[in-house]
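Below is one structure, written out as structure tokens, with a few remarks after it.
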Amino acid sequence: MITGGIGKPVQKVIILDFGSQYTQLIARRVREHKVYAEIVPFHKPWKEIYAEKPSAIILSGGPSSIYEKDAPQLQKEILNLSVPVLGICYGLCALVKHFKGKIESAERREYGRAIIEIKRESPLFRGLKNKETVWMSHGDKVVHPPNGFSIVASSENAEIAAIENIEKNIYGVQFHPEVYHTVNGQRIIKNFLFEICKLIPSWTMKSFIESSVQAIQEEVGDGTVLLGLSGGVDSSVTAMLLQKAIGEKLYCVFVNNGVLRKNEHEKVIERFKRHMKLNLIYVDASKRFLSLLKGVKDPEQKRKIIGREFVNVFMAEAKRIGRFDYLAQGTLYPDVIESVSTRGPSDTIKSHHNRVPEILTLIKSGKVIEPLKELFKDEVRELGLELGMSEELVYRHPFPGPGLAIRIIGEVTPQRVKILQEADDILVEEIKFAGLYRSLWQVFAVYLPVRSVGVMGDKRTYENVIAIRAVTSVDAMTADWAYLPEELLRRISNRIINEVKGINRVVLDISSKPPSTIEWE
Ligand code: XMP
């Protein structure tokens, strides 16, 4: 396959982001059809967009009203690219404004399900019924299409729910085809990609492996690469991909920070060193981390200490190994999108240590390789399977960098870590045994330093509490607490109280995100 950069196929759809909460969904929907899509901010200079040679452009929705002061504007040059364009919601209004149609602020904001009636045959709606259920979320609405555009669909609230200009290859919809509630949304996107843009579905994990292996080999040459391996899905897949590309020139450093899950370090060593024959360097820094965490109660302090110390340990190890030319990271696409939309509260509420200043400096000097930075989480899992990794490993729940430290409320002590490890191990074992692990985004235990009275045998106990957190989610931006079967909860609670010394009470966390977050700290 011909490629256009690290793992990028030549055919690509560019999505101009006008700030919609659904922009990432558009990219995912396009990629589900095996066409590569990339999100860029609406203000990215058009010359740079030209240089990317997109095969099609999609204009996302957005929260603004098109005539508002400072409303994001479409650069007119984008429309001179002579590639098909699809405007969604705000994107439609941007097109209509540009071509001098008429838009009005609707008296009533239309939000939720709506029925559209398709008025005439259009390649965008090929294969759809006359009436279709769609998802609307807009304030502005088009009241007069621009010259040369025809009305293709209407809804009760929006006379003009879809327009097209076949000659110019420009299409616009008021509703959101990328949202699941638009029942045939995927068909609409498929029609745009294949009926209108005539693209070839070639974005597969097999082709991604081929092109990224080649790109990594070219970039690294005779050099060596250092990767921080946590044992999680992202860094493991990164390791496998790099190993395939450069073999022995990859060095993986696995740091035990003292707040890993039960037996985790042994499992990681077994899996990667013995089975996968990775060049794995194990650093047991648990004592160092735990002594730095002594007496620290504040969540942000804990995160900063662990983040900083990780970089220290990692860099010291790098020096010890000697020369290394590149640093690799398992960064994913959602972390690097220069999105103009709000990214959900957690990015600002908690400091993630993905891009600490030291790493940012390296990134600027081009010394960092991030082979997964084009991929969404589900694509990373697919890639892992394609690389021969086990389902058990590929479908592991996310585990935060600061580890159990942010699941122990208050001070982190070795004794509390041990208690939490035991409780967490029982919880995950039971969830797996019940066959529920894959259906949950995350399930874990939280240690609460709150003592309450209990009775065991004939004796009074005065011990701490374990909270159970189980959530479903698609991307961790929002999450719902999961409803676990009563019998299972009963067994988990019994086992934790009976088997974990220091715990005499188990409680269930029934909070969703937002307003809560997934982790407790
Ligand atoms: P919150 O608690 O913000 O978590 O709802 C969202 C997702 O991010 C994970 N998480 C982290 N991952 N380093 C990580 O690598 C971190 O510092 C970190 N903090 C939270 C969390 O487990 C959830 O999946």
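The chain is numbered in sequence order, starting from 1. Each ligand, and each atom within it, is numbered from 1 in the order the structure gives. As the structure is a computational prediction, the values presented were derived from the model and not from experiment.
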When every non-hydrogen atom of P63 is compared with those of G19, the smallest separation belongs to CD-O, 3.4 Å
Does W441 come within less than 4.0 angstrom of ligand 1, counting non-hydrogen atoms of the residue? yes
Using a 4.0 Å cut-off to any heavy atom of [X], which atoms of ligand 1 qualify?
X	value
K513	1 (P), 3 (O), 5 (O), 6 (C)
P402	13 (N), 16 (C), 17 (O)
R303	16 (C), 17 (O), 18 (C), 19 (N), 20 (C)
T517	1 (P), 2 (O), 5 (O)

Any donor-acceptor pair under 3.5 Å from N504 side chain to S452 backbone: yes
For [X] and [Y], take the angle between the two ring planes, folded into 0 to 90°, and tell me which bin it lands in: parallel under 30, tilted 30 to 60, perpendicular over 60.
X	Y	answer
W203	F208	perpendicular
F310	F314	parallel
F376	Y333	perpendicular

What pairs meet the ring pair (Phe, Tyr, Trp, His ring centres under 6.0 Å) rule with one or both residues in residues 426-449, with sequence neighbours excluded? H397-Y437
Counting heavy atoms only, which of G307, G330, G401 is nearest atom 14 (C) of ligand 1? G401
Could you say whether the N/O atoms of R407 and ligand 1 ever approach to under 3.5 Å? no
Just distances here: any N/O of I518 and N/O of ligand 1 closer than 3.5 Å? yes
